[in-house]
Number of protein chains: 2
Amino acid sequence: MIIVKIGGNILDNPARLQAFLIDFAQLAGPKLLVHGGGKIASATGQRLGITPKMVEGRRITDAETLELVTMVYGGLVNKQVVAKLQALGCNAIGLTGADANIIPARKRPVKTIDYGFAGDVDGPESINAKALEALLEAGLTPVFAPLTHDTQGSMLNTNADTIASVLATALATAFTVQLVYCFEKKGVLQNAGDDNAVIPHINQDKYKALKEEGVVNAGMVPKLDNAFAALQQGVAQVLICEAESLPRIHTGHYSGTTLSLN
Amino acid sequence: MIIVKIGGNILDNPARLQAFLIDFAQLAGPKLLVHGGGKIASATGQRLGITPKMVEGRRITDAETLELVTMVYGGLVNKQVVAKLQALGCNAIGLTGADANIIPARKRPVKTIDYGFAGDVDGPESINAKALEALLEAGLTPVFAPLTHDTQGSMLNTNADTIASVLATALATAFTVQLVYCFEKKGVLQNAGDDNAVIPHINQDKYKALKEEGVVNAGMVPKLDNAFAALQQGVAQVLICEAESLPRIHTGHYSGTTLSLN
């Protein structure tokens, strides 16, 4: 099966989003979509008079920000994507990690920074894979918003890359899973200034070298760490590419970055 | 199985909502919850600068109001209810009618009034009951927001009473369905000024007489019409009561109104 994560840059652009959803709807076999947030949350927050809270450069999910992301990610973005996929013949079902208790999480412990209602997932073993498999077996395409819950009654804000990685790993026991991160670049770049300098393949040794050389920058490290963790735990393949590459991932003309252990 | 609809007056009161959810979580057997909106949508709309649109006294769902209710009903209210039910040991899954294409609807045709993005459901035969039954068989408790979709890519705003009635009817072929409308009064009242003057039982003949006498007022007519339509199409029983009566609906001490055909 294929698990695709799309970022805010696609969600923010109606034409790109529609083109992506047409490609996604046409993918054969069981599939699952994880979406991020995008600027709509900040824009809605601004209209509501909610100012983004930052501590030491990190975004904090305070109580009103949690309400904002629950509304915007779990409601507006998620249901608009579901309605559009339904119109394209893809039997989508919009979910958060609270629904069917698929992704129980923990409120991030306060150390030097109190991140507020940020949710950390223990790992793939805490995912309720059976519920997810029942939905897939019913022919449904789950669409996840980047939200989890603390199992004590509160929603939590969780990184979409992490959700994609942990779901891919949890499903790897039942399926051969391909995990695709669609983002704003064509792939992992050898040279940040050259959008066409895509590194076609990265294994663990090369990743170590790229980090030492400083080619892989701070923003990419969590994404690649997540990806290699997924590969180490049974995910068959991880691809990092732009959304427009999705129809070509099974052809020889794919232009993104393929990650593998060796 | 039991299908319960709760109105905005419960959603707007955190203590009443929590008490209701505790009672709902304890109901045995397959169950389903439909929730309305509540004042949170109007309050959020006001903060966003969205003014309620009324034409000839009827509420209109224009494009920005559709975004508002998709956020607030489909995101904030729905996911908060799901997270709270999960904490109470009820394996809830939050849905709209777009999810799994369970409730396809039509944008209401423009006659004298353009209601905007208001969704009408053709009838129980248009419900995707198989998808809903698959969720119930997986041990899940569906929680529906009052939203549907037009199958062409747009969400629609649909009355929660109608959703409860049409889902109950669609499930009546597979289950013996009891439909419970929890609202702000103790039941249908003989005398609007006396909150304790609950009419314990209404059949079709009595309903006709109550309408002629003017005992059943304008606000109750659509609710009761929905209820009798559900009974005519196979729903076993319809109860109208306050939320606090839920734990007693299977006892002799139930104080609401029971509807039946004869």
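As the structure is a prediction and not an experimental result, all values here were calculated from the model. Chain letters run A, B, ... following the sequence lines, proteins first, then strands; residues in each count from 1.
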### Query
Taking NZ, NE, NH1 and NH2 as the nitrogens, is one of them in B/D114 or B/R108 under 4.0 Å from a carboxylate oxygen of the other?
no
#### Entry: Donor-acceptor under 3.5 Å (A/D99 side chain, A/T96 main chain)
yes
### Task
Answer with side chain, backbone, both or neither: which region of A/I40 has an atom nearer than 4.5 Å to a non-hydrogen atom of chain B?
neither
### Message
Has A/K79 got a side-chain atom pairing as donor or acceptor with A/V77's backbone, closer than 3.5 angstrom?
### Response
no
### Message
Given heavy-atom pairs under 4.5 angstrom as the criterion, report whether the side chain, backbone, both or neither of A/L135 touches chain B.
### Response
side chain
### Message
For B/L66, is there any backbone N or O sitting under 3.5 Å from a side-chain donor or acceptor partner on B/T70?
### Response
yes
#### Entry: Option in A/L95, A/L147, A/I93, A/V81 with maximal non-hydrogen atom pairs under 4.5 Å from chain B
A/I93
### Query
Looking only at heavy atoms, which of residues 14-21 of chain B get nearer than 4.5 Å to chain A?
none
### Task
Could you check which of B/Q86, B/K84, B/H149 has the highest count of heavy-atom pairs closer than 4.5 Å to chain A?
B/Q86
### Task
Please confirm whether the backbone N or O of A/T51 pairs with a side-chain atom of A/K53, one donor and one acceptor, at under 3.5 Å?
yes
### Query
Can you find a pair of side-chain heavy atoms, one from A/F183 and one from A/K223, that are under 4.5 Å apart?
yes
### Message
Test your reading of the model: is there a side-chain donor-acceptor pair from A/N226 to the backbone of A/S165, 3.5 Å cut-off?
### Response
no
### Query
Are side-chain heavy atoms of B/Q178 and B/I3 found at a separation under 4.5 Å?
no
### Task
Please check if the side chain of B/K31 supplies one atom and the backbone of B/F24 the other of a donor-acceptor pair under 3.5 Å.
yes
### Task
Could you tell me which portion of B/A134 (side chain, backbone, both or neither) has an atom closer than 4.5 angstrom to a non-hydrogen atom of chain A?
side chain
### Task
May I ask you to name which of A/A145, A/A100, A/G139, A/A87 has the most heavy-atom pairs under 4.5 Å with chain B?
A/A100
### Option that, when pairs with chain A are counted at under 4.5 Å, heavy atom only, ranks first among B/Q152, B/Q46, B/M155
B/M155
### Winner by heavy-atom pair count (cut-off under 4.5 Å) against chain A, out of B/V143, B/V82, B/L140
B/V82
## Note on the structure
The interface call for B/L156 against chain A, heavy-atom contacts under 4.5 Å, is neither
### Query
Between B/T141 and chain A, which part of the residue has a heavy atom less than 4.5 Å away: side chain, backbone, both or neither?
neither
### Message
Out of B/L48, B/D150, B/T151, return the one with the most heavy atom pairs under 4.5 angstrom to chain A.
### Response
B/L48
### Task
Step through the shown structure and confirm whether more than 12 heavy atoms of other residues, nucleotides or ligands are within 6.0 Å of CZ on B/R59.
no
### Query
Does atom CZ of A/R106 have more than 12 heavy-atom neighbours from other groups under 6.0 Å away?
no
